[in-house]
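Notes for the one structure printed next.
Quick note: numbers below take in every heavy atom, side chains included, and nothing from hydrogens, waters or symmetry partners. All values derive from a computational prediction rather than experimental measurement.
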Amino acid sequence: MKIYNTLTAKKEEFIPLSQGKVKMYVCGVTVYDYCHIGHARSAVVFDVINRYLRYKGYDVIFVKNFTDLDDKIINKAKQEGVSWDTVARKYTDEYYKDMDVLRVGKPDLEPKATEHIEDMIEIIKVLIDKGYAYELDGSVYFEVGKFLEYGKLSKRNTEELIAGARIEVDERKKNPMDFALWKRSKEGEPAWDSPWGAGRPGWHIECSAMSIKHLGDEIDIHGGGADLIFPHHENEIAQSESFTGKPFAKYWVHNGFITINREKMSKSLGNFFTVKEILDKFDPEVLRLFLLSTHYRSPIEFSDDQLRETEISLDRYYSTILRVNSFLEECKIDRISGKTQNAFETNVSQVKKRFEEAMDDDFNTALALGHIFEFMREINRFIDSKPSGMKVKELLQRSKEVLSEFGGVLNIFVRTPEEWYRSLISVKKIGLSEKDIDEKIKVRQDARKKRQWDVADRIRKELEEKGVILEDKEVRTDWRVRVGV
RNA sequence: GGCGGCGUACCCAAGUGGCUAAGGGAGAGGUCUGCAAAACCUUUAUGCAGCGGUUCGAAUCCGCUCGCCGCCUCCA
């Protein structure tokens, strides 16, 4: 299995520190607002990485933190006139709601910054003792010049950084790039006691403290959005490696951004969509599939049109399954058919290998999905060939199992076609119940038996206008909800 | 200014040295069907931003040019 490592800027063979075990830490969200789809992308990407590692048999410990103490939370609290921890709690709850509907699994541990203040203070103390940090008027700074490898992750040297620095320079700092480990709290801000007086931790130290505490000095994978590479992850490396004297993380994994009109989606530009906004118009599985249909490191251009296309793709999956199910119910067992079956059997046994090859290559979900859709065409082609015989049922059963196995890794394709269409009835605001539709179908079937085509066509058209499409099969009529509109 | 990435069909998107350049959507034609829908089949890039170079061989490596974007400040 290969993983692209930001640290070496190369795809590398994945060899965990301890055989068969993977320790993974991912930077989670700062809980000061609703999740936007960029947060969703990161969450979904690392959820899939976690699932695939487990699928491959690794014993994974996955830690993802909550930043529940930060300037943005404090500002939000001021705006809303509530306490900062009320803000943190509210948006933590909202985060969980969004993750649940997106079927993002829970990490093994979800530590919070506020629960690790003591751990952070301990690390800061050691960094001062070791000469990597200095106190200045109740705050503590990390001295970047003392960590010779500073810039190794983001491929920068300190002179360049200073030259291009846009940050406001505190003249008293030894070096403009030195960053806060501990900040003296101002009046009205949350504060904890420390050897340097009342204060609160800087942003970067929390992840070092939580990663080291829960996973140890050295871990296998450290992940997050590409915008965390600098300064957050660079600073984490500096602090952690100065503290432990060991390499902090072996593989650094970063997901790409979502763009809108080719620009990075961001809160400051105001061009963002929250997860909730999208789910008002689309089924959550559509968003999840959309996020996985591009490689995780590439930018994804977001638009409603793209989601509509994804919706059509997903519908292709469910309508294929619906078709397989119908076929299995009506399937007659008699003679064994020949060539098409052999060809299909080969496909069934090969698709798993293809899926794993794709995923082994730096979690190439886009390619993996390509194989899955190709396989679905094979299934449809097989059914079109009107196969018969004992083996047919078994092959189709196995095909469904293979698809749900892949679905388990990507955590899509987890519902029945019926559940999918039921969801679409409400997402697309069809305004009919399943019962209504079934009744209309029944009336229409009677008309069809009597060859009253005008009556049958009228009912079909009436349903179509509401977004329900009918499909006449040999012995029954199935319905679907129209997608992609 | 420094560093990095991207440019593959009408749209989205895999592919980073070697069989006919995956897959999805859209379009056109066909099979099936009472008619449809779905499905399937055929078709849509002698070419991968442009120009040079390396090589027996390049979308894939190297150089230059053009265009777009990101990071260097909080950010998933």
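Ionic pairing of A/Arg323 and A/Asp384 is present here: one or more N-O contacts between side-chain nitrogen and carboxylate oxygen are shorter than 4.0 angstrom. Contact check on A/Asp47 versus A/Arg288 returns a salt bridge, with a Lys/Arg side-chain nitrogen under 4.0 Å from an Asp/Glu carboxylate oxygen.
Across B/G23, B/G70, B/A38, the shortest atom-to-atom separation from the side chain of A/Phe257 is found for B/G70.
In this pair, A/Trp453 lays its aromatic ring flat on the base of B/G34, centres within 5.5 Å and planes under 30 degrees apart.
With a cut-off of 3.5 Å on both Watson-Crick or G-U wobble distances, the partner of B/C61 is given as B/G53. Remark: B/G67 base-pairs with B/C6; criterion is Watson-Crick or G-U wobble with both hydrogen-bond distances under 3.5 Å. Summarising the base pairing, B/G23 is matched to B/C12 through a Watson-Crick or G-U wobble pair whose two defining distances lie under 3.5 Å. Remark: B/U46 base-pairs with no nucleotide; criterion is Watson-Crick or G-U wobble with both hydrogen-bond distances under 3.5 Å. Across all strands shown, B/A76 forms no Watson-Crick or G-U wobble pair with both key distances under 3.5 Å. Shown here, B/G34 forms no base pair; nothing in the strands shown gives a Watson-Crick or G-U wobble contact with both key distances under 3.5 Å.
Note on A/Lys72: only backbone sugar-phosphate atoms sit closer than 4.0 angstrom, heavy atoms only; bases stay farther off. Within 4.0 Å (heavy atoms only), A/His36 reaches at least one base atom of the nucleic acid. Within the 4.0 angstrom heavy-atom criterion, no nucleotide atom of any strand lies near A/Gly484. Residue A/Arg41 is out of contact with every strand shown, counting any heavy-atom pair closer than 4.0 Å. A/Glu309 comes within 4.0 angstrom of a base, heavy atoms only.
Using atom C1' as the reference point in both B/G7 and B/A14, the two lie 15 Å apart (nearest Å). The C1' atoms of B/A13 and B/A59 are separated by 15 Å, rounded to the nearest whole Å.
Judged by closest nucleotide on RNA chain B, A/Arg448 is the one of A/Arg448 and A/Thr320 placed further toward the 5' end.
The line from NZ of A/Lys428 to CG of A/Asp283 is 9.5 Å long, rounded to the nearest 0.5 Å. A/Ile205 CD1 to A/Ser240 OG: the interatomic distance, rounded to the nearest 0.5 Å, is 7.0 Å.
Looking at A/Arg460, its side chain comes within 3.5 Å of the base of B/A36 through a donor and an acceptor atom. Under 3.5 Å, the side chain of A/Asp457 and the base of B/G34 form at least one donor-acceptor pair of N or O atoms. Between the side chain of A/Asp227 and the base of B/C74 there is no donor-acceptor pair of N/O atoms closer than 3.5 Å.
Within the 6.0 Å centre-distance limit, the rings of A/Tyr34 and A/Tyr91 are counted as a close aromatic pair.
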